[in-house]
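Inspection log for the structure reproduced underneath, given as structure tokens.
What you see below is based on every heavy atom in this structure, not just the backbone, and it leaves out hydrogens, waters and symmetry mates.
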Amino acid sequence: MSGHIRAVIDTNALQHNFSVIRARAGAARVMAVVKANAYGHGLMATASALRAADAFGVARLEEGILLRRAGITQPIVLLEGVFDAQQLERAAEHRLDLVVHDALQIGLLERPQAGAQRFVLWIKIDTGMNRLGFPVAEFAAALERLRRLAPAARELRLLTHLACANERDDAVTREQLARFRHATRGLEYAVSIANSAGLFGAVPLQCDWVRPGVALYGASPFADCSAEDLGLRPVMTLESSVIAVRRVARGERVGYGGAWVAARDSVIAIVAAGYGDGLHRSLATGAPVLVGGRRAPLAGRVSMDMLAVDVSELGEVRIGTPALLWGPGLAVEEVARHAGTIPYELLCAVNQRVQLVVGRPEAG
Ligand SMILES: *Cc1c(COP(=O)(O)O)cnc(C)c1O
């Protein structure tokens, strides 16, 4: 269908990536991170395809509730916890587990009727990210308060988050690990450290749970190593089609601001995909687009509903010729570099105007 942008979600690739992660994780259990609408892939479609996941991680209470309402039965962890008594109650009602990263959250659990026995509590230790978690110096006191909850929490577990694993700054990762070990020495609780980069990085991280996000979706967390190198397959194909083709004489300009000037007589294909769909306007001239399966460079600025591609080298391109923004054959990581960002941001930005299609439907 012409002029129709869609994100096709390949659940086989998702399951393949999950098994690669499972193998890499060894004996550790896998918490599949599906926050932000499963990094743009559709929360429900993703979670229901990941039957083998041992748990799901989400950032917001509403995401957890949606998963429960859709019939997901695995444990679901609120990675930022809850912030008032009402949220705590709703979390309990929907059997959501909680990260506890601040004394305010302990206070909520200490209130009479808080019902801590309804939760697995994941205590977050800040080992150097300086974002969420109890500083190492305050962790022992926090743990002591949580141990004294009456009724007791169903289970206590420990986690921390790595700041530089994706930059392969192993010195920082090792330092965080050392702080974590120091803070948790002698404790017998289950622990979780690794995100995707931690899981595929060089520093061995022994833990009971891993928390992969981006790797599940078939994108690499590293700048210097592709998803393919890690054995992962892209889950999302963002595709649209050509809605106009024009010949542009040398010296003519294309698009807003006349930002692209034809250095020779050129053929320009207009593709129905723009920042109104969530594509970044920072995608620069020269960024690759697959038009009819062949690479061609973006020409000029991305507009709200469309973008222009210089297809002068491609031979026949017509209205209706498919255009792939990323997916198999064009890694989202590569596109992200042309937008000065990371694949996470491009994937999460795909918005509600883009139809999400699970599996590959009949052509037409
Ligand atoms: C988002 C998130 C993850 C997943 O990170 P990836 O880099 O996508 O693997 C893991 N843990 C926490 C606490 C997160 O917020």
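- Between Phe18 and Pro212 the shortest side-chain heavy-atom distance does not fall below 4.5 Å.
- The side-chain heavy atoms of Ile106 and Phe134, taken from C-beta on, include a pair separated by under 4.5 Å.
- The backbone N or O of Ile125 sits less than 3.5 Å from a side-chain atom of Thr160, completing a donor-acceptor pair.
- Listed here is the closest heavy atom pair of Arg68 and Arg95: NH2-O, 3.0 Å.
- Summarising the geometry of Gly64 relative to Val58, their closest heavy-atom pair is N-CG2, 3.8 Å, with the distance given to 0.1 Å.
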Using the side chain to side chain contact (heavy atoms under 4.5 Å, CB included) rule, take Val235 and His41 through it: C-alpha gap first, then chi angles, then the decisive distance, then the call.
CA-CA 8 Å; Val235 174; His41 292 66; 3.7 Å; yes

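- Connection of Phe222 to Val172 is not established within any shared hydrophobic cluster, with ILVMFWY side chains joined at heavy-atom distances below 4.5 Å, either directly or through further cluster members.
- At least one side-chain heavy atom of Arg337 sits less than 4.5 Å from a side-chain heavy atom of Glu334.
- Under a 3.5 Å cut-off, the side chain of Glu313 and the backbone N or O of Ala296 do not form any donor-acceptor pair.
- Looking at heavy atoms from C-beta onward, Val77 lies out of side-chain contact with Arg211 at the 4.5 angstrom threshold.
- No donor-acceptor pair closer than 3.5 Å links the side chain of Arg295 to the backbone N or O of Pro288.
- Nearest heavy atom pair, residue Asp208 against residue Ala190, reads OD2-CA, 3.2 Å.
- Asn37 places a side-chain N or O within 3.5 Å of a backbone atom of Leu43 that can act as its donor or acceptor partner.
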Side chain to side chain contact (heavy atoms under 4.5 Å, CB included) between Val20 and Leu230, intermediate numbers included
CA-CA 9 Å; Val20 170; Leu230 302 175; over 6 Å; no

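- Contact of the Leu143 side chain with the Leu187 side chain is registered, since non-hydrogen atoms from C-beta on lie closer than 4.5 Å.
- Atom CD of Glu110 has more than 12 heavy atoms from other residues, nucleotides or ligands within 6.0 Å.
- When every heavy atom of Ala116 is checked against every heavy atom of Pro151, the shortest pair comes out as CB-O, 3.5 Å.
- Between Trp209 and Trp122, the ring-plane angle classifies as perpendicular under the 30° and 60° cut-offs.
- A donor-acceptor pair under 3.5 Å is formed between the side chain of Gln74 and the backbone N or O of Leu50.
- Counting only heavy atoms from C-beta outward, the side chains of Ser266 and Trp260 approach each other to under 4.5 Å.
- Judged purely by atom type and a 3.5 angstrom limit, Gln105 uses its side chain to pair as donor or acceptor with the backbone of Glu80.
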Decide yes or no on side chain to side chain contact (heavy atoms under 4.5 Å, CB included) for Val289 and Leu324, but give the supporting numbers first.
CA-CA 6 Å; Val289 178; Leu324 187 145; over 6 Å; no

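- A donor-acceptor pair under 3.5 Å is absent between the side-chain atoms of Asp10 and the main chain of Pro234, judged by distance alone.
- By the rule that hydrophobic residues join a cluster once side-chain heavy atoms approach within less than 4.5 Å of another member, Val99 and Leu132 end up as members of separate clusters.
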Between Glu239 and Arg6, is a side chain to side chain contact (heavy atoms under 4.5 Å, CB included) present by the stated rule, with each step listed?
CA-CA 6 Å; Glu239 61 185 27; Arg6 56 191 192 171; 2.8 Å; yes

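- The environment of Arg281 atom CZ is sparse: at most 12 non-hydrogen atoms of other residues, nucleotides or ligands sit within 6.0 angstrom.
- Within 6.0 Å of CZ on Arg111 lie more than 12 heavy atoms contributed by other residues, nucleotides or ligands.
- Of the possible donor and acceptor atoms, none in the side chain of Thr127 sits under 3.5 Å from a partner among the backbone N and O of Arg179.
- With hydrophobic clusters built from ILVMFWY side chains whose heavy atoms lie under 4.5 angstrom apart, Leu61 shares a cluster with Leu104.
- Listed by first and then second residue, the ring pair (Phe, Tyr, Trp, His ring centres under 6.0 Å) pairs involving residues 71-98 are Phe83-His101 (not counting sequence neighbours).
- In this structure, SG on Cys348 lies 8.5 Å from CD on Glu345, to the nearest 0.5 angstrom.
- Distance check: Thr173 OG1 to Leu162 CG gives 5.5 Å after rounding to the nearest 0.5 Å.
- Partners of His161 according to the ring-ring contact (aromatic ring centres under 6.0 Å, His included) rule, which considers only residues two or more places apart in sequence or in another chain, do not exist here.
- With Asp126 contributing its side chain and Met129 its backbone, the two residues share a donor-acceptor pair below 3.5 Å.
- Across all non-hydrogen atoms, the minimal contact from Arg168 to Cys225 is NH2-CB, 3.3 Å.
- Within a 6.0 Å sphere centred on CZ of Arg318, heavy atoms belonging to other residues, nucleotides or ligands number 12 at most.
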From CA spacing to verdict: salt bridge (Lys or Arg N to Asp or Glu O under 4.0 Å), Arg22, Asp54
CA-CA 10 Å; Arg22 171 74 84 202; Asp54 301 301; 2.8 Å; yes

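- The minimum heavy-atom distance between Ala183 and Val136, with the atom names listed, is CB-CG1, 3.9 Å.
- With values rounded to the nearest 0.5 angstrom, Asn351 atom CG is found 9.0 Å from Leu279 atom CG.
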Pairs under 3.5 angstrom only: tabulate donor-acceptor contacts from the side chains of residues 193-201 to other protein residues two or more places apart or in another chain.
| unit_1 | atom_1 | unit_2 | atom_2 | d |
| --- | --- | --- | --- | --- |
| Asn195 | OD1 | Ala197 | N | 3.4 |
| Asn195 | OD1 | Gly198 | N | 2.9 |
| Ser196 | OG | Gly213 | N | 3.2 |
| Ser196 | OG | Val214 | N | 3.4 |
| Ser196 | OG | Ala215 | N | 3.1 |

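- Environment of CD in Glu155: crowded, with over 12 heavy atoms of neighbouring residues, nucleotides or ligands closer than 6.0 Å.
- Here the side chains of Leu205 and Phe180 are not in contact, with every heavy-atom distance at 4.5 Å or above.
- Around CZ of Arg247, the count of heavy atoms belonging to other residues, nucleotides or ligands within 6.0 Å does not exceed 12.
- Salt-bridge annotation for Arg69 and Glu62: absent, with no side-chain N of the basic residue lying under 4.0 Å from a carboxylate O of the acidic one.
- The pair Glu144-Arg147 meets the salt-bridge criterion, with a side-chain N (NZ, NE, NH1 or NH2) lying under 4.0 Å from an Asp/Glu carboxylate O.
- The backbone N or O of Asp305 lies less than 3.5 Å from no partner atom in the side chain of Asp277, so there is not a single donor-acceptor pair.
- At a threshold of 4.5 Å between non-hydrogen side-chain atoms, the residues Leu88 and Phe119 count as touching.
- When the options Val210, Leu79, Leu216 are evaluated for a side-chain contact (heavy atoms from CB on, under 4.5 Å) with Val33, the one that passes is Leu79.
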